[in-house]
Amino acid sequence: MKLIILGPPGSGKGTIAGRLEKEFKFKQISAGELLREEVAKGTTIGKDIQKIMEKGGLVPNNLVNEIVRLEIQGKKHYILDGFPRTLEQAKSINDLPITKVLYAEVPLKVVVERLSGRRVCAKGIHNYHLKYIPPRKAGVCDVDKTPLRRRKDDAPLSVQRRFQVYQKQTLPVIRYYKRKRILVTVDARGEPHRVYQLVKKALHLHG
Ligand code: AMP
């Protein structure tokens, strides 16, 4: 199974992909995560990427395409999380036999509330929400015990910019896959467990 998961920032793409990976062993390939890893290396290119990400812009296609391609290599079952985000990126993977594209649909109002309460561990891997997915101990990651913090690009101005970018660049990608008849839309407004059940039903996955 080769899946793509798309949706606005804060739609829960990463959470859904993480659950599918855990239950069905599809490898989660998160473009944002791979880029954050590049930033963490502190390379010159990582520093350039960081500036773009903090402002909520998109990293150049050729760079993201290359990073994601490398990660896909040799894998049979995977979920592309947050990739492709532009039509050019989508066309660059036309050679891949994508099974389905899952569209996690949520209105702007819900997104803003989710992102303002989102917290991530110091390693940038595990996500929480102050209200909806609280850690067992306040301010501390359940898994690696590092302090929780807010992602820089979850600051209100960056969120606004990310949403604009999403509407301009990613909505055309959603329409593109709809025309190809491989788009499956899921109402992603509910709490994580409920949304996940809808996702499994929509993808005909049982487990
Ligand atoms: P995410 O973790 O999916 O919210 O992505 C965080 C940030 O990483 C985005 O706001 C972009 O700056 C960058 N990014 C993630 N995926 C892509 C992509 N497919 N193309 C370009 N930039 C991306």
Side-chain angles (χ1 to χ4, degrees), residues 2-21 28-41 43 45-72 78-94 96 98 101-106 108 110-129 133 148-174 176-177 188:
K2 294 171 176 52
L3 285 177
I4 290 175
I5 178 159
L6 296 174
S11 55
K13 298 185 297 284
T15 306
I16 296 168
R19 287 184 185 218
L20 288 171
E21 175 173 87
Q28 174 182 7
I29 300 178
S30 157
E33 202 52 61
L34 291 171
L35 291 168
R36 281 187 284 278
E37 277 169 22
E38 203 55 48
V39 170
K41 285 183 202 158
T43 56
I45 198 136
K47 286 184 182 132
D48 291 340
I49 293 176
Q50 184 172 25
K51 280 185 217 140
I52 300 170
M53 286 177 80
E54 284 181 1
K55 286 197 197 124
L58 286 187
V59 174
N61 287 329
N62 57 348
L63 212 95
V64 185
N65 292 355
E66 195 182 315
I67 292 179
V68 173
R69 274 274 170 188
L70 272 175
E71 202 63 25
I72 289 174
Y78 52 78
I79 318 165
L80 297 178
D81 159 14
F83 181 92
R85 261 172 151 105
T86 67
L87 267 185
E88 192 187 323
Q89 290 177 10
K91 288 178 183 167
S92 84
I93 53 161
N94 263 343
L96 301 177
I98 299 297
V101 178
L102 187 77
Y103 171 30
E105 191 175 31
V106 272
L108 177 62
V110 176
V111 158
V112 170
E113 197 201 351
R114 282 190 186 168
L115 293 181
S116 61
R118 175 157 80 177
R119 295 295 180 270
V120 62
C121 70
K123 292 186 176 172
I125 303 171
H126 307 104
N127 281 302
Y128 299 87
H129 188 282
I133 321 171
L148 300 183
R149 54 180 193 203
R150 182 155 94 167
R151 256 170 60 174
K152 275 209 172 128
D153 60 349
D154 281 345
L157 264 181
S158 299
V159 169
Q160 219 176 8
R161 169 114 172 84
R162 283 160 69 201
F163 214 82
Q164 283 164 354
V165 167
Y166 165 76
Q167 286 182 313
K168 192 157 172 245
Q169 308 266 25
T170 312
L171 282 181
V173 178
I174 289 165
Y176 178 73
Y177 287 120

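Each ligand, and each atom within it, is numbered from 1 in the order the structure gives. Index from 1, following the sequence.
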Measuring from the heavy atoms of [X], does anything fall under 4.0 Å of ligand 1?
X	answer
Glu33	no
Pro84	no
Arg151	yes

Option nearest atom 21 (C) of ligand 1 (shortest heavy-atom distance, choices Thr170, Leu115, Thr86, Val59)
Val59
Counting heavy atoms only, which of Lys51, Arg85, Met53, Arg36 comes nearest to atom 2 (O) of ligand 1?
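Checking each option, the heavy atom nearest atom 2 (O) of ligand 1 is found in Arg36.
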How far is atom 11 (C) of ligand 1 from the closest protein heavy atom, and which atom is that?
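The protein heavy atom lying closest is Gly57 O, 3.3 Å.
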Ile133 side chain near Asn127 side chain, heavy-atom distance below 4.5 Å:
no
Going by heavy atoms in the side chains, are Gln28 and Tyr78 under 4.5 Å from each other?
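Not in contact.
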Rounded at 0.5 Å granularity, tell me how far NZ in Lys123 sits from CZ in Arg36.
15.5 Å
Is atom NZ of Lys2 surrounded by more than 12 heavy atoms (other residues, nucleotides or ligands) closer than 6.0 Å?
yes
Strictly below 4.0 Å, N to O, side chains only: are Glu38 and Lys41 in salt-bridge contact?
yes
Are Arg162 and Asp154 within salt-bridge range, i.e. N to O under 4.0 Å?
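Counted as a salt bridge, because a side-chain N and a carboxylate O are separated by less than 4.0 Å.
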Need the ligand 1 atom indices (1-based, order shown) with element for anything under 4.0 Å from a heavy-atom of [X].
X	result
Ala31	16 (N)
Val64	18 (C), 19 (N), 20 (N), 21 (C)
Asp153	6 (C)
Arg162	4 (O), 10 (O)

Compute the shortest N/O to N/O distance between Gln89 and ligand 1 and return yes if it is under 3.5 Å, no if not.
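Yes - when backbone and side-chain N and O of Gln89 are compared with those of ligand 1, one distance drops under 3.5 Å.
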N/O to N/O below 3.5 Å, does that happen between Leu35 and ligand 1?
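No, no N or O pair falls under 3.5 Å.
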Out of the candidates Val101, Ile93, Leu3, Ile5, only one should pair with Leu80 under the side chain to side chain contact (heavy atoms under 4.5 Å, CB included) rule; please name it.
Ile93
If we ignore angles and hydrogens, is there a donor and acceptor under 3.5 Å between the side chains of Asn61 and Thr86?
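On atom types as modelled, these side chains qualify, holding a pair under 3.5 Å.
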